[in-house]
Amino acid sequence: MALTKLCALLSVVLVLSSSTSVQGLVHYPPANTSITDLTAVLNGHGAPGIYNTSHTPDDEYGIYNWCNMPHVRKTEYKVPSKEYSLKYLEVIQRHRKRTPYASNTFFKEDITWDCTDEGPYHYAKDKSKFKTTPIYWQAETGTQNPFEYTVGPGFVNSTCQFPDITSEGLEDSKQHGQDFRGVYGDLLQFLPLSWEKNKYQFRVTNNVITTQTLSGFAAGIYPDVDEYFAYIQSDSYDSLEPALSCSLAETVVGTYQGPNTTWSSHLDLTSALSARFRNVSGIEPNDTAGWNTSWDHPYDNLSAKQCHSKPLPCSVNDTSICIGQEDANEIYRLGNWEYAYRWRGAENSTLYSTLIMGPWFKELQGHFKNHLANANQIKYYHNFAHDESISAVLGVLQIDEPVWPGMGSEIVFELWENTSNKTNHIRVLWRGQPLKTSTPLGTIDMLPLDTFLSYLNETIADDLVGLCASG
Ligand SMILES: *[C@@H]1O[C@H](CO)[C@@H](O)[C@H](O)[C@H]1NC(C)=O
Ligand SMILES: *[C@@H]1O[C@H](CO)[C@@H](O)[C@H](O)[C@H]1NC(C)=O
Ligand SMILES: *[C@@H]1O[C@H](CO)[C@@H](O)[C@H](O)[C@H]1NC(C)=O
Ligand SMILES: *[C@@H]1O[C@H](CO)[C@@H](O)[C@H](O)[C@H]1NC(C)=O
Ligand SMILES: *[C@@H]1O[C@H](CO)[C@@H](O)[C@H](O)[C@H]1NC(C)=O
Ligand SMILES: *[C@@H]1O[C@H](CO)[C@@H](O)[C@H](O)[C@H]1NC(C)=O
Ligand SMILES: *[C@@H]1O[C@H](CO)[C@@H](O)[C@H](O)[C@H]1NC(C)=O
Ligand SMILES: *[C@@H]1O[C@H](CO)[C@@H](O)[C@H](O)[C@H]1NC(C)=O
Ligand SMILES: *[C@@H]1O[C@H](CO)[C@@H](O)[C@H](O)[C@H]1NC(C)=O
Ligand SMILES: *[C@@H]1O[C@H](CO)[C@@H](O)[C@H](O)[C@H]1NC(C)=O
Ligand SMILES: *[C@@H]1O[C@H](CO)[C@@H](O)[C@H](O)[C@H]1NC(C)=O
Ligand SMILES: *[C@@H]1O[C@H](CO)[C@@H](O)[C@H](O)[C@H]1NC(C)=O
């Protein structure tokens, strides 16, 4: 173990109140990489991966592709030795590539997005009486409603929702479903059959883009099924989105992203880039919608375009002033650094991650337990979520090389039984391969289940509701 890690072992023992202590939580810093080292980010060149296509060449599969992250596929999958038998499978993944969020668009844009005949379905099912007609949404624009012209998003005459999974994003999702079936169906013969609906379960968040992503994935994994239901929790406590009320989480992140931190210095050090971006976007320097507190919005704005082979934007007032590729690349490096800092680099990022996705981990543990108690229960559970959900799961597990999880990012939890001595083991796959952590667990590859559960017990507070309220 490196010296820096030993130092970090001087544990962050948090005793916030007698009932809400997290006694065992230790932050193990991530590896020093071109993404976690701010100097390397500021002085670097090029994009930290692929940003302009969903296609990754086969001989490089596994590298970072923001538009379509690597996932398990037959060609790269490592089948464990014969003494192990797969018992339970749970997946959490990010949605697919999409149009930008309305909040991340410029007031006026110089390109269009077309979603004609691609809108999301919104209709009521009536099982008992009659078959209702599926209805989908299509944005209406160019109307006589004068208020239409007073707000963004600035994409003229667009038929899309912002956000919306695009048709290319749906194709990527279908391919993902086919690849997944290739491993857990064809290769391991583990997946339930499509009609065994009591053995598998899908779950989505309150943001419709996760349901849209599932609709593509389902067509790939079980093409013969007409209709599914997906679980969804109330938007007041949805643990998957996650949309939980946790004032301590806000306090904790507000402190390490506040004044006089590495976070504030990265903003100061990039003010020239920020001025160039403002010149093109027309975003005012006094904008309060988040454009000047992080690189998140510019990153989303530019990467959504490039992933769909659209050009980088130019100023609507002077088309000779545009965002250059080198500036875009720097924004992509900065976005990755920001995620790495928020979810892994900052000392309190592990605490923050447990406050954000701790409840979901409790559900995961419950699923393991249910399945071990009764093997006829659900054996494959698939969660469709967001970048923050994925980042916080990786934050809890303390990934060694953090990145901003790109489109379709997938984490697989495999529960295996050693058939010779009947012991249970965990393998976690990220980018299709066993996950390397900075913790004493090392790479989570056939770790005894109890070791894994003890780590979660030590790291995630028992009383999350009380702890959240204590902030
Ligand atoms: C990370 O590595 C770079 C170059 O390899 C080095 O200059 C820098 O000091 C390292 N940072 C830390 C925190 O170890
Ligand atoms: C995509 O970006 C890479 C550099 O990251 C570049 O070499 C390539 O030409 C670009 N492709 C297109 C179609 O723009
Ligand atoms: C990016 O931001 C600019 C400036 O606000 C806006 O004009 C544009 O519509 C946005 N584009 C995307 C793809 O979000
Ligand atoms: C938007 O639609 C209006 C009405 O159909 C049309 O006059 C205008 O040229 C369109 N604008 C763009 C940029 O396509
Ligand atoms: C982490 O957050 C807790 C709760 O807000 C705070 O008491 C503690 O000082 C923070 N630790 C660091 C290293 O900032
Ligand atoms: C930031 O640090 C400087 C010098 O270290 C200090 O003068 C200033 O009060 C600090 N500001 C805040 C908001 O903590
Ligand atoms: C902004 O654009 C103007 C031209 O309209 C140019 O003179 C100025 O240098 C640009 N500023 C930055 C920071 O790029
Ligand atoms: C274009 O000009 C208008 C009016 O002067 C201004 O409000 C807007 O911010 C400018 N947009 C850009 C991208 O500079
Ligand atoms: C962001 O905008 C606020 C409000 O105008 C301002 O106080 C702050 O200095 C700006 N921050 C940066 C990094 O530009
Ligand atoms: C931001 O500054 C511009 C002038 O530069 C002003 O017109 C606008 O009202 C200001 N917006 C806010 C939210 O203060
Ligand atoms: C069971 O077998 C596995 C694989 O050989 C081994 O790693 C593990 O330590 C064994 N566990 C017990 C309790 O014997
Ligand atoms: C984890 O904690 C729960 C409840 O606090 C306890 O029942 C369980 O035995 C613990 N598991 C491990 C492996 O420590």
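For ligands, and for the atoms within them, numbers begin at 1 and follow the listed sequence.
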Practice task
Take Phe180 and His71 through the ring-ring contact (aromatic ring centres under 6.0 Å, His included) test and state the conclusion after the steps.
Solution key: CA-CA 8 Å; Phe180 196 83; His71 51 252; 8.7 Å; no
Starting from the N and O atoms of ligand 11, find every protein N or O within less than 3.5 Å and list the pair with its distance.
| residue | atom | partner | partner atom | Å |
| --- | --- | --- | --- | --- |
| ligand 11 | 2 (O) | Asn418 | ND2 | 3.2 |
| ligand 11 | 2 (O) | Asn421 | ND2 | 2.5 |
| ligand 11 | 11 (N) | Asn421 | ND2 | 2.9 |
| ligand 11 | 14 (O) | Asn421 | ND2 | 3.0 |

Is the ring pair [X]/[Y] parallel, tilted or perpendicular, if the boundaries are 30 and 60 degrees?
| X | Y | result |
| --- | --- | --- |
| Tyr51 | Tyr64 | tilted |
| Phe368 | Phe452 | tilted |
| Tyr222 | Tyr200 | tilted |

Handout entry: Ligand-side contact atoms (ligand 7) for residue partner Asn279, heavy atom cut-off under 4.0 Å
Key = 1 (C), 2 (O), 3 (C), 8 (C), 10 (C), 11 (N), 12 (C), 14 (O)
Handout entry: Proximal ligand 7 atoms for Ile321, defined as those under 4.0 Å from one of its heavy atoms
Key = 2 (O), 4 (C), 5 (O)
Practice task
Keeping the roles fixed (side chain from Thr350, backbone from Val396), state whether a donor-acceptor pair exists under 3.5 Å.
Solution key: no
Practice task
Please find out if less than 6.0 Å separates the ring center of Tyr84 from that of His425.
Solution key: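 Ring centres of His425 and Tyr84 closer than 6.0 Å.
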Problem - Short N-O contact, Glu168 and Lys97, less than 4.0 angstrom - result: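 Salt bridge: yes.
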